[in-house]
Amino acid sequence: MFTGIIETLGIIKGIKKQDGNLHILVESSLLNELKIDQSVSHNGVCLTVVAIENNLYTVTAIQETIDKTNLGNWDINDVVNLERAMKLGDRLDGHLVQGHVDQIGVCKSVEETNGSWFFTFEYDASLHNITIEKGSITVNGVSLTVVNSMNNEFSVAIIPYTYDHTNFKFFKIGTKVNLEFDVIGKYVSKLYSIK
């Protein structure tokens, strides 16, 4: 489990394909604190550290993960949001985040608004994920509050700190992002679909 509060950024330094898997080499200031078998959220995708060497660590993604996330679009020198799994007893500053991406969203607009930023994202509503006005959403691993919730899109307001300390500063129209919808919203959605 994660909180959606990004600790630092990582830089993709290598991508190796092996059968249906991708082995991704990451450079990060967290390196000295990581260990093999540890879970780390990369743009909201929970991946396991499988190797640490030469100032890089490696995580592996299987085809299922590649198909449901923007991971297949990653390239050398891309910047990703990183968060280690939360410890029991820690403060929950964001919201409960599983690190299981539900689907990809696409940035529809970016507006600078008097010192902050307003981002709007579209997503495929046929997958039955929902947002709730003032509810939580995770975008590339960042815990955010939904505004302007609609059937297939929503917006978020980004403060300068979040903009400076996450990869939101690189988003433009058309950027594909990982979305994890609020676990409570997912539960409510399932209840209504049963009726």
Side-chain angles (χ1 to χ4, degrees), residues 1-16 21-105 119 135-145 156 158-171 175-186:
M1 296 292 283
F2 303 91
T3 67
I5 303 300
I6 302 306
E7 291 185 75
T8 191
L9 297 170
I11 301 172
I12 305 300
K13 290 297 185 179
I15 300 172
K16 300 176 183 175
N21 299 333
L22 284 181
H23 303 289
I24 302 157
L25 286 77
V26 183
E27 179 183 85
S28 165
S29 61
L30 292 178
L31 184 71
N32 293 330
E33 300 176 47
L34 297 179
K35 61 181 184 171
I36 292 174
D37 290 335
Q38 191 169 6
S39 294
V40 179
S41 171
H42 297 73
N43 276 358
V45 183
C46 179
L47 298 169
T48 302
V49 175
V50 297
I52 300 173
E53 57 185 312
N54 300 326
N55 296 318
L56 302 173
Y57 70 89
T58 303
V59 291
T60 301
I62 62 172
Q63 193 64 50
E64 168 80 4
T65 304
I66 297 164
D67 290 344
K68 289 194 172 177
T69 67
N70 69 4
L71 213 148
N73 297 325
W74 291 2
D75 208 348
I76 305 301
N77 293 321
D78 278 357
V79 177
V80 294
N81 297 323
L82 300 177
E83 178 191 2
R84 290 173 291 170
M86 66 184 226
K87 296 177 185 175
L88 285 177
D90 279 356
R91 286 187 180 90
L92 185 59
D93 292 321
H95 71 281
L96 289 176
V97 176
Q98 295 178 298
H100 303 158
V101 172
D102 294 303
Q103 66 185 94
I104 293 173
F119 290 81
S136 297
I137 186 78
T138 307
V139 178
N140 267 9
V142 182
S143 172
L144 298 164
T145 301
V156 293
I158 302 296
I159 62 172
Y161 182 89
T162 304
Y163 187 85
D164 291 340
H165 290 86
T166 68
N167 60 11
F168 264 81
K169 60 181 159 278
F170 303 116
F171 291 3
T175 297
K176 292 183 179 179
V177 298
N178 294 320
L179 301 177
E180 181 181 328
F181 293 80
D182 184 29
V183 69
I184 295 169
K186 287 191 267 192

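The structure presented is a predicted model; accordingly, all values stated were derived computationally and were not measured.
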Please step through side chain to side chain contact (heavy atoms under 4.5 Å, CB included) for the pair F119 and L144, ending with a clear verdict. CA-CA 11 Å; F119 290 81; L144 298 164; over 6 Å; no
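- Nearest heavy atom pair, residue L82 against residue S28, reads CD1-OG, 3.4 Å.
- Remark: I76 engages I15 in a side-chain contact (heavy atoms from CB on, under 4.5 Å) (not counting sequence neighbours).
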Check residues 43-50 and write down every donor-acceptor pair under 3.5 Å in which the side-chain atom is one partner and the other belongs to a residue at least two apart or another chain.
unit_1: N43; atom_1: OD1; unit_2: N81; atom_2: N; d: 2.9
unit_1: N43; atom_1: OD1; unit_2: N167; atom_2: ND2; d: 2.9

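- Relative orientation of the H165 and Y161 rings is parallel, given thresholds of 30° and 60° on the angle between their planes.
- In this structure, the side chain to side chain donor-acceptor pair (under 3.5 Å) partners of S29, at least two apart in sequence or on a different chain, are T8.
- Taking the side chain to side chain donor-acceptor pair (under 3.5 Å) definition, one finds that S41 meets it with nothing, sequence neighbours left out.
- Under the side chain to side chain donor-acceptor pair (under 3.5 Å) criterion, H23 pairs with Q18, T60, not counting sequence neighbours.
- Here CD of E7 is found 11.5 Å from CG of L9. Values are rounded to the nearest 0.5 Å.
- Scanning for side-chain contact (heavy atoms from CB on, under 4.5 Å) contacts around I66 gives L22, A61, Q63, with sequence neighbours left out.
- With rounding to the nearest 0.5 angstrom, the CD1 atom of I12 is 7.5 Å from the CG atom of L71.
- E180 places a side-chain N or O within 3.5 Å of a backbone atom of Q98 that can act as its donor or acceptor partner.
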Show your working on side chain to side chain contact (heavy atoms under 4.5 Å, CB included) between E83 and V142 and close with a plain yes or no. CA-CA 9 Å; E83 178 191 2; V142 182; over 6 Å; no
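- Expressed to the nearest 0.5 Å, how far OG1 of T69 lies from NE2 of H100 amounts to 12.5 Å.
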Enumerate, atom names and distances included, each donor-acceptor pair closer than 3.5 Å involving a side-chain atom of residues 31-40, sequence neighbours excluded.
unit_1: E33; atom_1: OE1; unit_2: R84; atom_2: NH1; d: 2.8
unit_1: E33; atom_1: OE1; unit_2: R84; atom_2: NH2; d: 3.3
unit_1: Q38; atom_1: OE1; unit_2: K35; atom_2: N; d: 2.9

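- The neighbour count for K169 NZ, taken as heavy atoms of other residues, nucleotides or ligands under 6.0 Å away, is above 12.
- Under the side-chain contact (heavy atoms from CB on, under 4.5 Å) criterion, K13 pairs with I11, E27, L56, N77, not counting sequence neighbours.
- Within 6.0 Å of CG in N55 there are 12 or fewer heavy atoms belonging to other residues, nucleotides or ligands.
- Remark: E64 pairs with K68 by the side chain to side chain donor-acceptor pair (under 3.5 Å) rule, at least two apart or across chains.
- In plain terms, the two heavy atoms of D102 and F181 that are nearest each other are OD2-N, 2.7 Å.
- By the ring pair (Phe, Tyr, Trp, His ring centres under 6.0 Å) test, F170 is found to be paired with no residue, residues two or more places apart in sequence or in another chain being considered.
- Residues meeting the ring pair (Phe, Tyr, Trp, His ring centres under 6.0 Å) test with Y57, sequence neighbours left out: H42.
- Annotation: the span from W74 atom CH2 to D78 atom CG amounts to 8.5 Å, rounded to 0.5 Å.
- Residues passing the side-chain contact (heavy atoms from CB on, under 4.5 Å) test with K176, sequence neighbours excluded: N70, N73, I104, V106.
- Separating the OG1 atom in T58 from the CD1 atom in I24 is a distance of 9.5 Å, to the nearest 0.5 Å.
- Nearest approach of Y163 to I158, heavy atoms of both residues: N-CG2, 3.5 Å.
- Taking each heavy atom of V139 and L179 in turn, the nearest pair found is CG2-CD2, 3.9 Å.
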